[in-house]
Amino acid sequence: MTNLETKITALLQDALKEAYDLDRPIHIETPKDKENGDFSTNLAMTLARDLRKNPLEIGETIVAHIEKPDFITKIDVKRPGFINFHIAQSALHDLIPTILTMQEAYGSSDMGKNRHYNIEFVSVNPTGDIHVGHARGAAAGEAMSRILKKAGFAVTKEYYVNDGGNQIHNLVLSIQARYYQHFNKEATLPEDGYHGKEITNLARTIAEEHGNRFLKEDGYAYFRKTGVERLLDGIKQDLANLGVTFDIYFSEASLYEENKVEETVKTLIDQGFTYEKDGALWLKTSDYGDEKDRVIVKSDGNYTYLTPDIAYHRVKLSRGYDKLIDILGGDHHGYIDRLKAAIAMLTGEADKVEIDILQMVKVIQDGQEVKMSKRSGKAITLRDLIDEAGKDAIRYFFARHSLNTHMDLDLDLAIRKSTENPVFYAQYAHARIVTLLKKAQRERDLKPDPAIKDYSALEDEHVKTLLGTLNTYPAVIEEAASKRLVHRVTHYIHTLASHLHAYYSHVPIIVEDDQVTVQALNVLKATKIVLKDALELIGVDAPDSM
RNA sequence: GUUCCGGUAGCUCAGAGGAUAGAGCAACAGCCUCCUAAGCUGUAGGUCGAGGGUUCGACUCCCUCCCGGAACGCCA
């Protein structure tokens with residue numbers, strides 16, 4: 001809630017007390033239509049039933065008990081019962097020096113109270129290049145982490161490296177087969193092998209570095225270590241190019257090395273959460289909300305995917321986080337119940353684990369859907385997409401939509417660097433501001449001055465709208481963080497840019513009067529600070545010129 | 001069959017109890033002797049998948065159904 005909303009809420013609470021001797025929660029909203037004021041409340045309508053009176057009448061009665069402060073120019077009651085507050089632009093003027101002084105700290109809040117969140121995302125198996133289907137999770141997780149930090153949470157970003165399971169065995173066999181083929185020895189890839197060209201390249205590199213020695217000796221261990229390392233390095237590099245980094249890369253294999261999986265299974269057995277059937281060990285997840293029980297030790301003695309993942313979440317919880325957030329693809333939604341069930345058994349803290357599901361991205365090329373699979377190697381890599389479309393366009397694109405949206409990514413469109421791409425709209429607003437600030441400095445030796453308090457020369461509806469938007473930034477951050485909706489920030493960016501463009505187009509910034517010019521420069525500088533900060537949250541650069 | 005998402009303007013998507021349902025792109029009509037026109041201004045475009053229900057009020061909540069995507073392994 002903004003300062004002004006807090007003040008208006010207080011006014012309403014007092015008036016409600018006086019008029020009806022009632023104490024109710026006050027809901028303040030910002031009307032879409034400026035005709036309906038700057039803030040409004042549905043209070044009168046919510047009371048209509050209890051009081052058995054017409055909402056308009058109730059509204060008028062409440063308003064009659066409000067002593068109108070200076071910052072409010074008008075209060076009116078409109079059908080069907082809204083109470084609308086029109087505020088003076090001057091009420092927003094304090095905001096300008098505030099933002100200029102706080103700079104990028106503006107919009108931060110202590111909502112998170114420094115609670116520590118661990119957020120796990122991407123976690124793509126190191127069995128090949130990362131592809132565009134993974135980029136959505138990467139963009140979402142990174143942006144969400146930054147927003148949470150901005151809202152006062154401590155955040156650890158984590159990537160779970162599946163370097164322990166059967167898929168790595170298949171990876172090694174795939175590398176080995178390609179290595180043999182490199183020396184013209186007959187070899188076939190395993191049935192579940194990886195056919196991507198990056199595997200062929202990797203085998204060739206190994207051949208160049210080590211010659212044919214692995215034809216004579218067993219290369220399994222070397223292929224395994226080198227394969228995972230280099231493929232993971234490639235993934236890290238691609239993510240870094242997308243502006244996505246992690247604090248922790250957690251190795252699944254390390255769980256085995258430290259007996260964490262074994263310990264976890266033993267604990268589950270000891271506490272009576274398991275039973276044997278058909279030669280396998282089952283976990284009674286159905287007692288904890290799962291639709292059926294799950295196997296954790298297969299009849300061949302191996303673990304299922306779930307087993308080390310339970311151990312992994314147990315390890316994460318033991319580090320003392322207040323919450324674990326997993327961002328998973330929509331194809332994993334059926335996995336949630338069993339994981340949470342297992343965590344409930346072990347710790348009773350299943351509510352500390354929250355799983356955000358993002359729907360899969362359908363990639364369209366030449367009007368046709370491109371099905372992606374790492375095994376087949378038929379995938380459009382993230383690297384190619386970044387090369388062609390650029391980091392900013394990709395980040396903006398993914399940050400625009402709710403995680404629930406089933407998105408179509410039209411590659412032909414994404415690659416086009418035209419006005420069709422809305423990222424430029426926001427970046428252009430920033431570049432325009434910088435251009436003006438430079439021009440004023442160069443030609444008139446004028447620059448923004450946070451000491452200025454008087455903005456009366458700037459009375460204008462475009463300025464007022466712009467300031468009103470700047471005013472809501474902290475509330476936008478809090479909402480985006482608490483509801484975990486990254487796209488709220490992106491929509492805010494668009495709105496802010498649009499009001500900046502409108503202001504720029506209708507009102508001359510650099511004018512004859514130095515003082516008035518500096519006042520306007522202050523508004524621009526404040527806008528620039530917020531725009532750049534918000535863009536930073538979603539991982540988009542704010543260029544000085546375009 | 002069960003579970004999870006989605007169905008809103010020609011297209012891509014916001015909105016999640018309130019006012020005349022909004023943006024971008026595409027379409028149409030204007031605006032550069034003037035701080036970058038990657039911009040601004042205006043017009044047009046909607047049975048919010050369908051039908052019931054709850055409510056003073058439903059695109060929003062509940063139920064049923066239709067369509068699309070995903071998942072329902074001792075795969076990962």
Under 4.0 Å: is that the gap between some side-chain N or O of A/N404 and OP1 or OP2 of B/G6? yes
Name the nucleic acid region contacted by A/A280, choosing base, sugar-phosphate or nothing; use a 4.0 angstrom heavy-atom cut-off, strictly under. base
For B/G18, does OP1 or OP2 lie under 4.0 Å from any side-chain N or O of A/R79? no
If B/G1 has a Watson-Crick or G-U wobble mate with both distances under 3.5 Å, name it; if not, just say none. B/C72
So does A/S40 reach the base of B/A19 with its side chain, donor to acceptor, closer than 3.5 Å? yes
Opposite nucleotide pairing with B/C32, Watson-Crick or G-U, both atom distances under 3.5 Å: none
OP1 or OP2 of B/C35 versus the side-chain N and O atoms of A/R442: is any pair under 4.0 Å? no
Quick check, are the ring centers of A/F39 and A/F85 under 6.0 angstrom apart? no
Identify whether any heavy atom of A/K277 sits under 4.0 Å from a base atom; if not, whether one sits that close to sugar-phosphate; answer base, sugar-phosphate or nothing. base
Would you say A/Y425 stacks on B/A38, if stacking means ring centres under 5.5 Å apart and planes within less than 30 degrees? no
Considering every strand and a 4.0 Å limit on heavy-atom distances, what is the contact class for A/A440: base, sugar-phosphate, or nothing? nothing
So is A/R136 actually on top of A/F398's ring, under 6.0 Å and inside 45° of the axis? no
At 4.0 Å (heavy atoms only), tell me whether A/V434 reaches a base, stays on the sugar-phosphate, or touches nothing. nothing
Look at A/R294 and B/C72 and indicate whether a side-chain polar atom (N or O) is within less than 4.0 Å of OP1 or OP2. no
Would you indicate what A/P31 reaches in the nucleic acid, counting non-hydrogen atoms under 4.0 angstrom: base, sugar-phosphate, or nothing? base
Reckon A/K32 has a side-chain N or O less than 4.0 Å from the OP1 or OP2 of B/A21? no
So what does A/H506 touch, heavy atoms closer than 4.0 Å: a base, only the sugar-phosphate, or nothing? sugar-phosphate
Hey, does the side chain of A/H487 come within less than 4.0 Å of B/G15's phosphate (OP1/OP2), counting only N and O? yes
By the 4.0 Å heavy-atom rule, please label A/E29 as base, sugar-phosphate, or nothing. nothing
Select base, sugar-phosphate, or nothing to describe what A/D408 touches, counting heavy atoms under 4.0 Å on all strands. sugar-phosphate
Distance test, side-chain N/O of A/Y504 to OP1/OP2 of B/A37, below 4.0 Å: yes
Give a yes/no answer on whether the side chain of A/K298 brings an N or O atom under 4.0 Å of OP1 or OP2 in B/C75. yes
Is any N or O donor-acceptor pair between the side chain of A/T405 and the base of B/C13 shorter than 3.5 Å? no
Which part of the nucleic acid, if any, lies within reach of A/T435 when heavy atoms closer than 4.0 Å are counted: base, sugar-phosphate only, or nothing? base
